[in-house]
Amino acid sequence: VLSKGRPLEKKFLELGNPFRLDLMQNVRTTREISVTASALGYVDRMTAGISGPEVDLLYCSPAKIGEQIGAKVGALINLGLKASEILLLGFDQEDAVQYPELKNLIEPLERPNYGGAVRFASIAEVKGLEAVAVIIFGFKGLKTGLARQLAYIGATRASTYLSIILGESLSSQVADAYAALAIRNPSR
């Protein structure tokens, strides 16, 4: 319970990092997204009420990330989603500019979306927002608290479809994150 006149941000700082708070019920995303967010964020597994599509964890070489993003956007549009229902999230604001194949596909979140482009933002910019489909890329690793917090925030922005595009070198860190989740929650 927050004391009268104390901002939420101050209370979070007093309690520690927000990603460490216990979230017992998830009503925004599917079970599959909740498990992924819990694993990558290194938090206890949240429960969610509905089942949905599997989360796509795609591993590729850094040179193929832009191509993979384009292919994933195309697949989501083929499922019937509008470009405006898809949110592309990078760990840094500059992540998308390094891929020329995305130039005509994405538009920064802060600009008006007249053309129906896929919106792009850094994960830090979208805390509190959500989209039907989220594609995350730009992971450098999952070893720091900040990286895990951003992974959690990014993953929980998706309500139905979540795709995470990772460098091949991160496959063991992601496997370790899922194993750690299973150890923390043996009965689930």
Side-chain angles (χ1 to χ4, degrees), residues 16-26 28-76 79 86-92 94-96 98-99 102 120-124 126-127 130-188:
N17 289 324
F19 73 93
R20 303 288 259 163
L21 296 176
D22 291 332
L23 299 174
M24 304 310 289
Q25 196 65 250
N26 177 1
R28 183 183 338 165
T29 63
T30 65
R31 281 184 227 142
E32 294 79 3
I33 293 170
S34 293
V35 168
T36 299
S38 299
L40 298 181
Y42 284 72
V43 298
D44 286 340
R45 183 172 171 198
M46 298 180 300
T47 57
I50 61 169
S51 186
E54 290 296 320
V55 171
D56 287 328
L57 292 171
L58 307 166
Y59 298 95
C60 63
S61 71
K64 297 283 187 185
I65 290 177
E67 184 180 311
Q68 285 289 331
I69 292 169
K72 193 63 197 168
V73 167
L76 290 166
L79 285 174
I86 303 169
L87 183 59
L88 178 63
L89 298 178
F91 271 69
D92 299 312
E94 301 301 313
D95 280 343
Q98 61 185 310
Y99 302 106
L102 301 180
F120 168 74
S122 71
I123 293 171
V126 296
K127 193 171 182 181
E130 69 179 67
V132 174
V134 171
I135 303 168
I136 302 174
F137 73 107
F139 276 92
K140 312 283 187 279
L142 289 171
K143 296 194 182 227
T144 69
L146 178 60
R148 292 189 300 265
Q149 183 179 16
L150 290 174
Y152 175 84
I153 291 168
T156 58
R157 301 308 90 205
S159 64
T160 307
Y161 299 97
L162 175 62
S163 301
I164 304 174
I165 301 173
L166 304 148
E168 296 162 324
S169 63
L170 296 178
S171 62
S172 64
Q173 287 185 40
V174 172
D176 290 347
Y178 277 100
L181 177 64
I183 291 167
R184 289 191 312 271
N185 297 271
S187 62
R188 293 182 188 201

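Residues L162 and I136 are in side-chain contact: their nearest non-hydrogen atoms beyond the backbone lie under 4.5 Å apart. By the 4.5 Å heavy-atom criterion applied to side chains, Y59 and V174 are counted as neighbours. A heavy-atom distance below 4.5 Å is not found between the side chains of I33 and T156. V134 has its side chain out of reach of V126: every pair of non-hydrogen atoms, C-beta onward, lies at least 4.5 Å apart. At a threshold of 4.5 Å between non-hydrogen side-chain atoms, the residues S171 and L166 do not count as touching.
Across F91 and S122, no two heavy atoms sit closer than the pair O-CB, 4.2 Å. Between L76 and A133, the shortest heavy-atom distance links the atoms CD1-CB, 3.8 Å. Heavy-atom minimum distance, L181 versus S38: CD1-CB, 4.0 Å. A177 and A39 make their closest contact through CB-O, 3.4 Å (heavy atoms, listed as atom of the first residue, atom of the second, distance). Looking at every heavy atom in both residues, Y152 comes nearest to G41 through CB-CA, 3.8 Å. Between I123 and L150 the shortest heavy-atom distance is CG2-O, 3.4 Å.
No donor-acceptor pair closer than 3.5 Å links the side chain of E130 to the backbone N or O of S159. A donor-acceptor pair is defined here as one N or O able to donate and one able to accept, closer than 3.5 Å; such a pair exists between the side chain of R184 and the backbone of V43. Between the side chain of E32 and the backbone N or O of G52, at least one donor-acceptor pair lies under 3.5 Å. At distances below 3.5 Å, at least one donor-acceptor pair connects side-chain atoms of R148 with backbone N or O atoms of K143.
Checking each of D56, L170, L40 against I164 for a side chain to side chain contact (heavy atoms under 4.5 Å, CB included) leaves exactly one that passes, namely L40.
A perpendicular orientation is assigned to the rings of F137 and Y99, their planes being inclined by more than 60° (bins at 30° and 60°).
Listed by first then second residue, pairs satisfying salt bridge (Lys or Arg N to Asp or Glu O under 4.0 Å) with a partner in residues 163-177 number zero, not counting sequence neighbours.
Remark: I65 CD1 to F139 CZ distance equals 11.0 Å, nearest 0.5 Å. Interatomic distance, L89 CG to S163 OG, rounded to the nearest 0.5 Å: 11.5 Å.
Annotation: side-chain hydrogen bond (donor to acceptor under 3.5 Å, both in side chains) contacts of Y178 (sequence neighbours excluded): T36. Considering only residues two or more places apart in sequence or on other chains, Q68 meets the side chain to side chain contact (heavy atoms under 4.5 Å, CB included) condition with L58, C60, I165.
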inquiry  = Go through it in stages, so that I can follow the logic: the residues are Y161 and L79, the test is side-chain contact (heavy atoms from CB on, under 4.5 Å), and I'd like the CA-CA distance, side-chain angles, deciding distance and then a yes or no.
reply    = CA-CA 11 Å; Y161 299 97; L79 285 174; 3.8 Å; yes

